[in-house]
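Report on one structure; see the data block that follows.
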There are 2 protein chains.
Amino acid sequence: MHAHSDGRPTERKLMARKSSRSTSFDVAALAGVSQSVVSRAFTPGSRIADETRTRVLEAALKLNYVPNSIASSLTTKRTNIVALIIGNLDNPFYVHVLHTFSRRLQEQGRQVLIFTVEPNSESDEAIMHLLKYQVDGVVLTAAQLSTRMISLCHDRGIPIVLFNRYIPGSDASGVRCDNVAGGALIAEAFLAAGAQNFALITGDLKGTTSGDRVRGFVERLLDGGVKRSNIVEVHGHSSYEGAFNATIKLIRDKNRVRPDALFGVNDIMAMGAIDALRHRLGLRVPDDIMVGGFDDIPEGRRLPYQLTTVRQPIEQMVNETLSILHLDDPTEPIARGIDRPIKGRLIWRHTIPVPPAYRGEADVTKSED
Amino acid sequence: MHAHSDGRPTERKLMARKSSRSTSFDVAALAGVSQSVVSRAFTPGSRIADETRTRVLEAALKLNYVPNSIASSLTTKRTNIVALIIGNLDNPFYVHVLHTFSRRLQEQGRQVLIFTVEPNSESDEAIMHLLKYQVDGVVLTAAQLSTRMISLCHDRGIPIVLFNRYIPGSDASGVRCDNVAGGALIAEAFLAAGAQNFALITGDLKGTTSGDRVRGFVERLLDGGVKRSNIVEVHGHSSYEGAFNATIKLIRDKNRVRPDALFGVNDIMAMGAIDALRHRLGLRVPDDIMVGGFDDIPEGRRLPYQLTTVRQPIEQMVNETLSILHLDDPTEPIARGIDRPIKGRLIWRHTIPVPPAYRGEADVTKSED
DNA sequence: TTGAAAGCGCTAACAT
DNA sequence: ATGTTAGCGCTTTCAA
């Protein structure tokens with residue numbers, strides 16, 4: 001930096017401004033080495049004598065020096081920041097997802113820049129922001145995104161992967177639960193338990209997730225000989241409240257027979273449905289009507305619910321996502337058009353009577369997660 | 001975006017690497033202006049002819065140019081990034097807090113860097129990381145932090161405020177609910193409802209939050225003539241499960257009379273207690289034992305719980321926090337030692353019988369939040 | 001109003 | 001192993 005004189009020119013910056021952060025130059029001066037040595041001292045595999053490194057580190061400690069990542073990003077072109085766009089924190093499932101990503105990424109020494117977008121609004125604006133911050137990668141979950149933005153990211157060399165969502169035919173990559181198969185799992189459970197009239201509470205209509213679960217569910221029922229007219233669909237808006245209200249309307253509809261099985265396309269909706277059934281409609285679950293969910297959120301395991309559901313293997317899905325991102329070697333070309341469906345598993349609890357064939361599988365108490 | 005010919009000497013950078021991001025120089029070249037004009041075009045209040053600005057903006061659009069915030073931070077010394085350290089995403093209250101901060105900050109065009117720390121671990125490491133990223137401010141909630149780290153931040157000119165926590169005698173600033181007064185509110189409700197034997201499920205012992213609520217609660221009871229021996233305390237570890245287990249142990253303890261009022265020091269614990277009481281211990285709430293909570297999380301408003309609780313005014317607390325941070329003028333000296341307690345409000349629902357004096361206040365149905 | 005030039009704090013060749 | 005030097009992409013004087 002500027003003028004400094006003779007032997008130990010440490011004073012200058014130290015006296016400078018009250019809260020000024022010290023730089024590698026200050027440390028270099030104090031340690032009596034060149035600035036690049038300081039840089040090396042903080043770079044794991046670099047050529048530097050152990051003895052020098054400790055001396056530098058000591059000096060750094062004395063000056064409360066912390067390397068400026070912003071500055072280093074400028075040259076390395078890596079920020080070690082991953083953006084997470086998340087569209088629905090009201091569903092504990094996504095909180096869990098957030099937590100899992102955050103933990104993993106922190107373990108790797110990466111930072112998470114979070115963007116919450118309101119349900120049903122696009123994330124395009126968020127993308128513009130994170131583009132400015134040169135993030136190393138983007139994970140998008142429970143939110144919409146235009147394909148234009150996806151290619152904008154890709155063009156700039158920023159990989160983006162959709163979590164629990166995919167855009168057929170686009171070149172966005174995604175990791176998701178095998179929702180079709182999962183929906184079928186619930187259908188099978190209902191069938192095995194002897195249900196005959198079915199209701200579905202659907203979620204977000206824009207994504208593929210809800211649609212796939214519905215499809216897998218319905219197809220399996222039809223395969224099982226159920227008539228299409230014995231399957232009703234109502235819209236639960238992916239939320240507890242939406243499902244709660246939809247359930248009340250559904251059951252009070254005098255024009256149709258009451259379903260004896262209800263599939264909440266995600267757990268939080270299944271919970272809303274259960275509460276409506278029990279506390280508003282005076283019905284017993286599963287005696288009067290059985291209920292199935294999807295996700296396996298911890299809340300669904302609690303005693304008031306004990307929800308039979310399909311477990312999404314979050315850890316595994318997060319790992320897949322991260323591996324597609326290729327965070328640690330940016331030279332790797334961006335993975336395009338990958339659609340990685342991962343099988344979920346049926347967890348038997350108490351909202352669907354366990355048929356004899358399945359006894360012993362039931363997870364009656366708490367989680368083992 | 002490759003080749004294009006003619007006059008404008010745009011080619012240089014454009015042809016460079018495949019996914020290279022274009023810089024202000026590229027835009028300048030295409031628009032036929034100097035690089036500093038491009039910078040001005042993207043700086044709101046700067047001196048630049050309208051006509052020039054539009055021309056630059058058009059060029060930028062054509063090149064998919066997005067200003068590099070990392071680079072600008074280097075000179076401006078502002079990143080527009082705020083770090084949020086959050087210690088407990090298992091409690092929906094803090095998810096709500098996170099969401100509120102995130103929304104507010106995004107409205108202001110700021111980014112949120114999130115750090116999740118495991119319960120009972122210190123956030124010191126997180127601080128070291130965010131120091132590297134030169135964040136403009138730090139909010140810490142539901143987590144521990146050494147005073148050493150606080151002064152480290154302060155020394156570097158990074159303001160930090162504790163949300164719902166304070167460290168007496170330190171110069172960290174904090175915003176919190178008036179927990180002592182809130183605890184007293186629940187005590188009063190119990191007293192008014194005629195309770196005589198009290199139990200407390202306490203939370204995190206390290207923070208002040210749980211302790212303050214306990215203190216306010218106990219003091220108010222003693223004031224009301226309750227004997228100290230009629231108040232039991234058990235540890236619920238701030239979690240649903242912790243409270244669930246603690247409640248079972250407490251009630252099954254044959255050596256003491258069964259309490260007729262139980263204060264879960266936060267809602268999630270009150271919910272755990274309620275589930276244990278009803279589904280494990282066969283007790284009715286509030287008939288056999290009344291329950292009070294704290295926070296007013298949406299989950300507590302649901303029909304299986306309808307929890308009487310103290311509402312924390314999150315929006316207001318977030319606003320206070322942000323204002324203490326002085327994000328928009330960094331010249332402002334860092335606020336030290338501020339402790340801003342904000343009054344909570346008792347929300348009557350169904351887990352404490354509503355005494356005649358309070359009728360009409362009851363919030364029987366859903367939220368108005 | 002615009003342009004030229006000097007950094008911001010760091011990394012990465014390239015010399016030594 | 002260490003020092004020197006040239007940037008990274010931007011903002012910000014200072015001149016024109």
Side-chain angles (χ1 to χ4, degrees), chain A residues 1-4 12-13 16-17 20-29 31-56 59-60 63-80 131-134 156-157 330, chain B residues 9 12-14 16-17 20-29 31-56 59-60 63-80 131-134 156-157 330:
Chain A
M1 333 208 57
H2 287 233
H4 61 74
R12 197 186 56 74
K13 242 310 171 29
R17 284 206 297 88
S20 88
R21 300 114 142 97
S22 44
T23 74
S24 53
F25 279 93
D26 302 321
V27 178
V33 296
S34 78
Q35 179 272 337
S36 43
V37 168
V38 177
S39 173
R40 291 186 186 109
F42 282 91
T43 306
S46 68
R47 288 178 233 297
I48 183 177
D50 277 359
E51 190 267 331
T52 320
R53 167 169 275 146
T54 35
R55 195 149 41 88
V56 170
L63 298 178
N64 276 331
Y65 169 76
V66 179
N68 182 336
S69 299
I70 297 293
S72 71
S73 300
L74 201 53
T75 36
T76 59
K77 267 115 174 54
R78 305 238 79 206
T79 52
N80 284 318
L131 244 30
K132 297 194 302 195
Y133 282 88
Q134 319 286 112
R156 314 188 101 240
Chain B
R12 196 183 56 75
K13 228 3 174 344
L14 281 185
R17 282 205 299 91
S20 86
R21 301 110 142 100
S22 44
T23 75
S24 53
F25 279 93
D26 302 322
V27 177
V33 294
S34 78
Q35 179 272 337
S36 39
V37 169
V38 176
S39 173
R40 289 183 187 113
F42 282 91
T43 308
S46 68
R47 288 182 237 295
I48 182 176
D50 278 359
E51 192 266 335
T52 320
R53 167 169 276 146
T54 36
R55 195 149 43 89
V56 171
L63 298 178
N64 276 331
Y65 169 75
V66 179
N68 182 335
S69 298
I70 297 293
S72 72
S73 298
L74 200 54
T75 35
T76 59
K77 268 115 173 50
R78 304 238 81 206
T79 52
N80 285 316
L131 243 31
K132 295 195 302 195
Y133 282 88
Q134 319 285 111
R156 315 189 100 239

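Below, read A as the first sequence line, B as the second, and so on, with proteins coming before strands; counting in each chain starts at 1.
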Where the side chain of [X] meets the backbone of [Y], is there a donor-acceptor pair that is under 3.5 Å apart?
X	Y	value
A/Thr79	A/Gln134	yes
A/Arg21	B/Arg156	yes
A/Ser39	A/Gln35	no

Starting from [atom2] on [N], measure out to [atom1] on [X] and report it in whole angstrom.
X	N	atom1	atom2	value
A/Leu131	D/dC10	CG	C1'	17 Å
A/Tyr133	D/dC10	OH	P	13 Å
A/Phe42	C/dT11	CZ	P	10 Å
B/Tyr65	D/dG9	OH	P	10 Å

Between atom [atom1] of [X] and atom [atom2] of [Y], what is the distance when rounded to the nearest 0.5 Å?
X	Y	atom1	atom2	result
B/Thr43	B/Ile48	OG1	CD1	8.5 Å
A/Lys132	B/Ser69	NZ	OG	5.0 Å
A/Leu63	A/Ser24	CG	OG	11.0 Å

- Specify the angle, to 10°, made by the local axes at the two ends of the helix from C/dT1-D/dA16 to C/dT16-D/dA1 when five pairs are taken at each end. 30°
- Task: Give the intermediate values and the outcome of side chain to side chain contact (heavy atoms under 4.5 Å, CB included) for residues B/Val33 and B/Arg55.
- Result: CA-CA 9 Å; B/Val33 294; B/Arg55 195 149 43 89; 4.1 Å; yes
Do any N or O atoms of the protein come closer than 3.5 Å to N or O atoms of nucleotides 1-4 of chain C, and which pairs are they?
residue : atom : partner : partner atom : Å
C/dT2   : OP1  : B/Thr52 : OG1          : 2.4
C/dT2   : OP2  : B/Ala49 : N            : 2.9
C/dT2   : OP2  : B/Thr52 : OG1          : 3.3
C/dG3   : OP2  : B/Ser34 : N            : 2.8
C/dG3   : OP2  : B/Ser34 : OG           : 3.1
C/dG3   : N7   : B/Arg40 : NH1          : 3.3
C/dG3   : O6   : B/Arg40 : NH2          : 2.5
C/dA4   : N6   : B/Ser36 : OG           : 3.3

- Query: Phosphate oxygens OP1/OP2 of D/dG9: is one of them under 4.0 Å from a side-chain N or O of A/Lys77?
  - Reply: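 True: A/Lys77 side-chain N/O within range (under 4.0 Å) of D/dG9 OP1/OP2.
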- Taking OP1 and OP2 of D/dC10, is either one under 4.0 Å from a side-chain nitrogen or oxygen of B/Ser24?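 For B/Ser24, the contact criterion (side-chain N or O under 4.0 Å from OP1 or OP2 of D/dC10) is met.
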- Which atom of B/Arg53 lies closest to which atom of B/Pro44, heavy atoms considered: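 Closest approach of B/Arg53 to B/Pro44, heavy atoms only: NH2-O, 3.5 Å.
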- Specify the closest pair of heavy atoms between B/Ser22 and B/Tyr65, including all atoms of both residues, with the distance to one decimal. O-CD1, 3.2 Å
- Please lay out, stage by stage, how A/Ser73 and A/Ile70 fare under the test side chain to side chain contact (heavy atoms under 4.5 Å, CB included). CA-CA 5 Å; A/Ser73 300; A/Ile70 297 293; 5.7 Å; no
- Query: What parts of residues 67-76 of chain A reach DNA chain C, counting only heavy atoms under 4.0 Å away?
  - Reply: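 Going residue by residue through residues 67-76 of chain A, the ones with a heavy atom under 4.0 Å of DNA chain C turn out to be A/Pro67, A/Asn68, A/Ala71, A/Ser72, A/Leu74, A/Thr75, A/Thr76.
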- Message: Does any part of the side chain of B/Asn80, heavy atoms only, come nearer than 4.5 Å to the side chain of A/Tyr133, both counted from C-beta?
- Response: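 A/Tyr133 vs B/Asn80: side chains touch.
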